[in-house]
Student: 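Right, I'll just put the structure down here and ask away after.
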Protein chains: 2
Amino acid sequence: MEPAKPQLNSLLAKLEEAGKRVTSQRIAVCEALLAHNGHPTAAEIWQHLQGQHPAMSQATVYNTLSALEELQLIRALDIVGENHTHYDLCVHPHVNVVCTRCGTIADVHTDTLEALLGLVSARSSYQLAPQDGVIVYGLCPACSAKL
Amino acid sequence: MEPAKPQLNSLLAKLEEAGKRVTSQRIAVCEALLAHNGHPTAAEIWQHLQGQHPAMSQATVYNTLSALEELQLIRALDIVGENHTHYDLCVHPHVNVVCTRCGTIADVHTDTLEALLGLVSARSSYQLAPQDGVIVYGLCPACSAKL
DNA sequence: CAGTTATTTATAATCATTCTAACATGATAT
DNA sequence: ATATCATGTTAGAATGATTATAAATAACTG
């Protein structure tokens, strides 16, 4: 059901394919991305790396994330009410569900997404590939329980 | 098909209902919102008002937009690749389609939306009300023609 | 190894948004 | 009306995430 999480090696291989150098910093950022089981921000990645790579600059984290995003290995998520950009490791077609209360982001995988986007596409004459991103806002279970 | 654009009077009435004062600045911001046939940013509103209300401060524009958003009369849209927050005047359930190339935002009204949300809701156990917002990224007709 | 290019780093700059404190305005009650 | 008080506005400063800059470093190529 859930598509497998990308492997470190495949990320690094695709960086190399694209003519980017596979530096220790980029390896570390990729490792941190994979270690974070969620939708990390640049700041979270940088903090996570402070222990093992105290010399890593924030600019390098931003640069690496930009490179990965350009290669479509990760996807940027800008969420209303959050001031940091989050990143999604999963680039398979899926929906990101975001809680309007607490900001929690979840991934939803469904095989019918394509068909439904096809209908939206027909109404808008936009070309919608599901890997381009779908964000739905709502209430997460925890927050809706509190009401 | 397309829900009617909100009227100036109804916006102001709802501000008043909520115990907010209907000041000349707030009227002007609402007028500018309605005059902009799209998804304006705070900066665009402020620029548009420079002619008629040269004393209007940017803080007032931001404050008014925040007030309208809290009352759910407009909706904030944070778009990947855009550094300004856009606002959507339409708070009826609909999909915002965003071009990944040029950032153009379109509103799509479709009865398919409910089906999409029902599906996503079942898989995520999030409570999804369609007016909470749905954003789909893709290519607008103009950009896809250029490829 | 030498030369070239990409990458990293620290730091400064940018810039949308928010905060602050003084002032103005509108509502309310005498 | 007038005084009072809460609310709104303003200019300007502060915040803070991200990006730009320029010097130093590391990786590839021949």
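FYI, side chains are in, hydrogens and waters are out, and symmetry mates aren't considered; it's all heavy atoms of this structure.
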Student: 5'-most contact on DNA chain D: B/Ala59 or A/Ala59, nearest heavy atom basis?
Tutor: B/Ala59
Student: Inspect the surroundings of CD in B/Gln52 and state if more than 12 heavy atoms from other residues, nucleotides or ligands are less than 6.0 Å away.
Tutor: no
Student: Would you indicate which nucleotide in D/dG8, C/dT17, C/dT8 comes nearest to any side-chain atom of B/Lys20?
Tutor: D/dG8
Student: Answer yes or no: are there more than 12 heavy-atom neighbours, outside A/Glu82 itself, under 6.0 Å from its atom CD?
Tutor: yes
Student: Let me know, please, whether B/Val22 or B/Tyr62 comes out on the 5' side of the other along DNA chain C by nearest nucleotide.
Tutor: B/Tyr62
Student: Once you apply a heavy-atom cut-off of 4.0 Å, does B/Ser57 come out as touching a base, just sugar-phosphate, or nothing?
Tutor: base
Student: Do B/Val80 and A/Tyr126 belong to the same hydrophobic cluster, where Ile, Leu, Val, Met, Phe, Trp and Tyr are linked whenever their side-chain heavy atoms lie under 4.5 Å apart, directly or via other members?
Tutor: no
Student: Of the candidate nucleotides C/dT8, D/dT18, D/dT10, which contains the atom at the shortest distance from the side chain of B/Asn63?
Tutor: D/dT10
Student: Going through the checks in order, is the side-chain contact (heavy atoms from CB on, under 4.5 Å) test met by A/Cys30 and A/Leu68?
Tutor: CA-CA 9 Å; A/Cys30 289; A/Leu68 293 171; 4.1 Å; yes
Student: Could you tell me whether A/Thr85 contacts a base, only the sugar-phosphate backbone, or nothing, with contacts defined as non-hydrogen atoms closer than 4.0 Å?
Tutor: sugar-phosphate
Student: Would you compute the distance between atom CG of B/Leu8 and atom CD1 of B/Ile27 and round it to the nearest 0.5 angstrom?
Tutor: 7.0 Å
Student: Ignoring hydrogens and angles, are the base of D/dT7 and the side chain of B/Arg21 linked by a donor-acceptor pair under 3.5 Å?
Tutor: yes
Student: Using a cut-off of strictly less than 4.0 Å, decide whether B/Gln58 has a side-chain nitrogen or oxygen near OP1 or OP2 of D/dG12.
Tutor: no
Student: When you check the side-chain N and O atoms of A/His92 and A/Asp107, is any donor under 3.5 Å from an acceptor?
Tutor: no
Student: What is the separation between atom CD on B/Glu70 and atom C1' on D/dT7, rounded to the nearest whole Å?
Tutor: 15 Å
Student: With axes from five pairs an end, tell me the bend angle of the helix from C/dC1-D/dG30 to C/dT30-D/dA1, nearest 10°.
Tutor: 30°
Student: Please state how far atom CD in A/Gln25 lies from atom P in C/dA6, giving the value in whole angstrom units.
Tutor: 17 Å
Student: Is the shortest side-chain N/O distance from A/Thr23 to OP1 or OP2 of C/dT8 below 4.0 Å?
Tutor: yes
Student: Could you walk me through whether B/Asn96 and B/His86 satisfy the side-chain hydrogen bond (donor to acceptor under 3.5 Å, both in side chains) test, starting with their C-alpha distance in whole Å, then the side-chain angles of each, then the deciding distance to 0.1 Å, before giving a yes or no?
Tutor: CA-CA 11 Å; B/Asn96 286 111; B/His86 291 254; over 6 Å; no
Student: Contact class for B/Ala43 (heavy atom, under 4.0 Å): base, sugar-phosphate, or nothing?
Tutor: nothing
